[in-house]
Participant: 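Please see the structure below; I have some questions.
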Amino acid sequence: MNKTLFLSTFLSFIFLIFQADLNGQTKMKENQSKGLILVKGKKTDDGIIELASLSNPWENQRKVKYIKEKTFNKGKVKKKDWEKYKPKDIDGYQFGDRVFVVEKYTPVGTALQSTNVNKLTTATALAGSLSKNKHFMELVLDGEIKVYRFYNYPPEASAQVGNDQIGAYAEMVENIRTYYEVLIKVGKKGKVQNFKKVKIEELLAGCEEVKTKYLNGEYALKKNAMNQLLKVGGGGYELEKSVVEMIRDYNNCKK
């Protein structure tokens, strides 16, 4: 491609982007839904929430966009019409039926286990995770004990050499996506912690019925299953499902 053709193609591309923003958006995209912004425990006007990413859920823990529904319904919505928020700005947001609340937690980078990912990449990911302690966490179960879904953060920029390390990096990111952490918080003033570090019998001590069912192996989460779970990178859906089953009973018991 000669320079003139390249320049012409590039300018056409820029024009299309500019024209799209000039015309404005008229209907919701796949990553947009009716929702709310939570500010100091209060809900804002009905609005439209735009998730940062559908494929990389950890990005939704860092930032979110919001626009009032009446503004959106006027049509021809432009980029500048969207309000951008980070965890330091608001208490959380609601995207359709999904609720995200701001909580403090320092991830441990448990998903970064591939031996083929070079040390610089792993160190970058760990440093990036440790530098963040406030996140928009998805609330999976509300009640006396809250259950959250949390994703570790991959490196912002990978330092890779060779096909083996590129493949290992992709595998690492997929593990982060699949084996997310299952976190819990007991009471309003409790500290958010990884469920796999919890002493379950002590956690359930407030409801003898649920504790007994757990000790008798009546839940999907068996007493002797935790050792096996510790071998899994972060936990993921199977652990979440088992935790929710048991904690839901506990929360109902405490009502």
Participant: Give a yes or no on whether the backbone of K213 and the side-chain of N216 come within a donor-acceptor separation of less than 3.5 Å.
Facilitator: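 Not a single qualifying donor-acceptor pair exists.
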Participant: So, Y153 and E59: side-chain donor and acceptor under 3.5 Å apart, yes or no?
Facilitator: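 Note: Y153 and E59 side chains miss the donor-acceptor criterion.
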Participant: Please assess I184 against Q193 for the test side-chain contact (heavy atoms from CB on, under 4.5 Å), listing each intermediate value before the final yes or no.
Facilitator: CA-CA 6 Å; I184 66 165; Q193 55 187 322; 4.1 Å; yes
Participant: Would a 4.5 Å heavy-atom cut-off, applied to side chains only, mark L51 and R98 as touching?
Facilitator: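 Yes, close enough: below the 4.5 Å cut-off.
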Participant: Any sub-3.5 Å donor-acceptor pair from R177's side-chain atoms to S55's backbone N or O?
Facilitator: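 Looks like yes, one N/O pair under 3.5 Å.
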Participant: May I ask you to decide whether K254 forms a salt bridge with E144, counting only side-chain N to carboxylate O separations under 4.0 Å?
Facilitator: no
Participant: If the plane angle is over 60° it's perpendicular, under 30° parallel, otherwise tilted; pick one for W82 and F72.
Facilitator: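 Answer is perpendicular, since the angle exceeds 60°.
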Participant: Side-chain heavy atoms nearer than 4.5 Å, only ILVMFWY residues, links allowed to pass through others: does that put V244 and V186 together?
Facilitator: yes
Participant: Got a sec, which hydrophobics cluster with L36, joining ILVMFWY side chains under 4.5 Å apart, including via others?
Facilitator: none
Participant: Are the side chains of K255 and N251 in contact, using a 4.5 Å heavy-atom criterion?
Facilitator: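 No, every pair of side-chain atoms sits at 4.5 Å or beyond.
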Participant: Do K185 and E103 sit within salt-bridge range, that is, some charged N less than 4.0 Å from a carboxylate O?
Facilitator: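 Judged by the 4.0 Å cut-off on N to carboxylate O distance, K185 and E103 do form a salt bridge.
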Participant: Drop me the distance from E138's CD to L183's CG, to the nearest 0.5 angstrom.
Facilitator: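 Answer rounded to 0.5 Å: 12.0 Å.
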Participant: When rounded to the nearest 0.5 angstrom, what distance separates NZ in K76 from NZ in K74?
Facilitator: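 Reported value, rounded in 0.5 Å steps: 14.0 Å.
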Participant: So that I can tick it off, tell me whether K34 and E69 are bridged by a salt bridge, with the cut-off set at under 4.0 angstrom between side-chain N and carboxylate O.
Facilitator: yes
Participant: Looking at P87 and F136, what are the two nearest heavy atoms and their distance?
Facilitator: N-CZ, 3.5 Å
Participant: Looking at side-chain heavy atoms only, is the closest gap between Y219 and V210 below 4.5 Å?
Facilitator: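 Yes, side chains in contact.
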Participant: How far apart are the closest heavy atoms of E50 and V64, and which atoms are they?
Facilitator: O-CG2, 3.7 Å
Participant: Sub-3.5 Å donor-acceptor pair from the side chain of D249 to the main-chain atoms of M246, do we have one?
Facilitator: no
Participant: If you measure from CG on L221 to OH on Y214, what distance do you get to the nearest 0.5 Å?
Facilitator: 6.0 Å
Participant: Restricting to side-chain contact (heavy atoms from CB on, under 4.5 Å), what partner residues turn up for E238, sequence neighbours left out?
Facilitator: K241
Participant: Are Y151 and F195 co-members of a hydrophobic cluster defined by side-chain heavy atoms under 4.5 Å apart?
Facilitator: yes
Participant: Indicate yes or no: at least one non-hydrogen side-chain atom of K40 is less than 4.5 angstrom from one of D91.
Facilitator: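 Contact flag for K40/D91 side chains = yes.
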Participant: Can you check whether A220's main-chain N or O pairs, donor with acceptor, with E245's side chain at less than 3.5 Å?
Facilitator: yes
Participant: Should F95 and L38 be regarded as members of a common hydrophobic cluster, given that ILVMFWY residues are connected when their side-chain heavy atoms come within less than 4.5 Å of each other, either directly or indirectly?
Facilitator: no
Participant: Do the side chains of M28 and I48 get nearer than 4.5 Å, heavy atoms only?
Facilitator: yes
Participant: Can you tell me if N31 uses its side chain to pair, donor with acceptor, with the backbone of S53 under 3.5 Å?
Facilitator: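 Checked: no pair found.
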Participant: Quick one: do E240 and Y180 satisfy side-chain contact (heavy atoms from CB on, under 4.5 Å)? Show the steps, please.
Facilitator: CA-CA 9 Å; E240 177 186 284; Y180 54 82; 3.1 Å; yes
Participant: Examine distances only and state if a side-chain atom of H135 and a backbone atom of Y105 form a donor-acceptor pair shorter than 3.5 Å.
Facilitator: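 The answer is yes, because a donor-acceptor pair under 3.5 Å joins these two groups.
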Participant: Measure across G206 and Y250 and return the closest heavy-atom pair with its distance rounded to 0.1 Å.
Facilitator: CA-OH, 3.7 Å
Participant: Using a 4.5 Å cut-off on heavy atoms from C-beta on, say whether the side chain of N152 contacts that of W58.
Facilitator: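 Answer no - side chains too far apart.
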Participant: Could you give me the CA-CA distance, side-chain angles and deciding distance for L139 and F100, then say whether side-chain contact (heavy atoms from CB on, under 4.5 Å) is met?
Facilitator: CA-CA 6 Å; L139 180 63; F100 295 75; over 6 Å; no
Participant: Among the clusters formed by ILVMFWY side chains lying less than 4.5 Å apart, do V182 and V101 turn up in the same one?
Facilitator: yes
Participant: Should L203 and K199 count as side-chain neighbours, where that means a heavy-atom distance under 4.5 Å?
Facilitator: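 No, their side chains stay 4.5 Å or more apart.
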Participant: Quick one: does any side-chain atom of N252 pair with a main-chain N or O of R248 as donor and acceptor, under 3.5 Å?
Facilitator: yes
Participant: Under a 3.5 Å distance rule, please check whether T71 uses its side chain to pair with a backbone N or O of I67 as donor and acceptor.
Facilitator: no
Participant: For atom CD of E218, is the number of surrounding heavy atoms from other residues, nucleotides or ligands below 6.0 Å larger than 12?
Facilitator: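 It does: E218 CD has more than 12 such atoms within range.
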Participant: Check whether V99 and I37 end up in the same hydrophobic cluster, where Ile, Leu, Val, Met, Phe, Trp and Tyr are linked by side-chain heavy atoms less than 4.5 Å apart.
Facilitator: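 No, V99 and I37 fall in different hydrophobic clusters.
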Participant: Find the distance between OG (S242) and CD1 (I247) and round it off to the nearest 0.5 Å.
Facilitator: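 Nearest 0.5 Å value for the OG-CD1 distance: 11.0 Å.
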Participant: Assess the pair Y93 and Y66: is the distance between their ring centroids shorter than 6.0 Å?
Facilitator: no
Participant: Can Q32 and I49 be said to form a side-chain contact (heavy atoms from CB on, under 4.5 Å), step by step?
Facilitator: CA-CA 6 Å; Q32 297 171 345; I49 294 292; over 6 Å; no
Participant: Give, for atom CD1 of I176 and atom CE of M172, the distance between the pair rounded to the nearest 0.5 Å.
Facilitator: 5.0 Å
Participant: For the CG atom of D89 and the NZ atom of K63, what is their distance to the nearest 0.5 Å?
Facilitator: 13.0 Å
